[in-house]
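See structure below.
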Amino acid sequence: MKKGKEESAGSLPAHIAIIMDGNGRWAKKRLLPRGAGHRAGMNRMIALAEHAFTRGVKYVTAFALSTENLSRPKEELDGLFSLFREYFEKSANTMREKGVSLKVIGDLSLLPEDIRTLVSEGEAHTAGGTVGTLILAIGYGGRQDILSAVNEAVRRGKEVTQEEFSALLSTGGIPDPDLLIRTGRELRISNFLLWQSAYTELYFTETLFPDFSEKELDRALAAYAKRERRFGKV
Ligand code: FPP
């Protein structure tokens, strides 16, 4: 017999992951530089994370920069780095007040040193927040995450279980995402949380990220609530 209710997604995802695609096209449509699209994207991300936490979501992971994005033109990267600086400098206090913890995943050695310092300070300043956790993936690649966990397991010289392997990933201790949203029309995962999203529900939309509203996030949450999650079972 089908245990529809028990195995359905339930009402709310505990963890939402977002691929924030379409900032460049959003800017182009308005004859603005790409950086203006990223700034609009950053503001959107802040508002959406807050909205998600208000709804009761516990973890929001946003793909802010992939390892592959690091080969974009210097001007665009410098603009993104400035946005990260601004965000970490300005938002740590607000996040702390709102009970939101910050965590950054990715290879921080690929980033300028002052950003690495701001990340550590931001994480320390917001540690222990109980409302939710905002996880920013910066200099992140899913394959790289898996490879570094494999290498750590090899160093330990002992076979690992799936649970032990998950704990070795940069997201160790964080539940796998329940819902992955990708804006901006492309239908792919682009080296995001590869291991972690094995059973994640996917939601793709053509909306460019800076236009992705709280209303549309609610529509994605409603779509998720209707999904039946079986995790490979019948
Ligand atoms: C993809 O859109 C977006 C990015 C590579 C960067 C996303 C970064 C932000 C939204 C800023 C986040 C800031 C903080 C502080 C977290 P794209 O540029 O590839 O868009 P396109 O496909 O339209 O060109």
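All ligand and atom numbering here is 1-based and tracks the order in the structure.
Ion pairing between a basic and an acidic side chain is recognised when a charged N comes within 4.0 Å of a carboxylate O; E152 and R156 show such pairing. A salt bridge is defined here as a Lys NZ or Arg NE, NH1 or NH2 lying under 4.0 Å from an Asp or Glu carboxylate O, and E76 with K74 fails to meet this definition.
Not close to ligand 1: R39, with no non-hydrogen atom less than 4.0 angstrom away. Taking 4.0 Å as the cut-off, G22 counts as a neighbour of ligand 1 on heavy-atom distance.
Of the protein's non-hydrogen atoms, H38 O, 3.9 Å is the one closest to atom 11 (C) of ligand 1. In terms of protein heavy atoms, atom 10 (C) of ligand 1 is closest to N23 ND2, 3.3 Å.
Within the 4.0 Å heavy-atom criterion, the part of R34 lying near ligand 1 is the side chain and not the backbone. Contact annotation for R72 and ligand 1: only side-chain heavy atoms (C-beta onward) come within less than 4.0 Å of the ligand.
Residue contact check: L136 has heavy atoms under 4.0 Å from atoms 16 (C) of ligand 1. Near M20, with a cut-off below 4.0 Å to any heavy atom, the atoms of ligand 1 are 1 (C), 2 (O), 3 (C), 9 (C), 10 (C). Interface of G41 with ligand 1, defined as ligand atoms under 4.0 Å from a residue heavy atom, comprises 10 (C). Residue-ligand proximity, Y87 to ligand 1, at heavy-atom distances under 4.0 Å covers atoms 15 (C). For ligand 1, the atoms sitting less than 4.0 Å from at least one non-hydrogen atom of F84 are 13 (C), 14 (C), 15 (C), numbered in the order shown with element in parentheses. Atom numbering of ligand 1 starts at 1 in the shown order; those under 4.0 Å from a heavy atom of A64 are 6 (C), 7 (C), 8 (C), 16 (C). Of all the atoms in ligand 1, the ones that sit under 4.0 Å from a non-hydrogen atom of N69 are 5 (C). Within the listing of ligand 1, atoms 16 (C) sit less than 4.0 angstrom from a heavy atom of M45.
Judged by distance alone, with hydrogens and angles left aside, the side-chain atoms of S170 form no donor-acceptor pair with the main-chain N or O of I105 at under 3.5 Å. Side chain of R227 to main chain of L202: a donor-acceptor pair is present (N/O by atom type, distance under 3.5 Å, no hydrogens or angles). Side chain of S197 to backbone of T200: no donor-acceptor contact under 3.5 angstrom is found.
Considering only heavy atoms from C-beta on, M42 stays 4.5 Å or farther from M20 through its side chain.
A donor-acceptor contact under 3.5 angstrom links the side chains of D211 and W26, judged on distance only.
A 6.0 Å sphere centred on CZ of R85 holds more than 12 heavy atoms belonging to other residues, nucleotides or ligands.
Using bins of under 30°, 30° to 60° and over 60° for the plane-to-plane angle, the ring pair Y140/F192 lands in the perpendicular bin.
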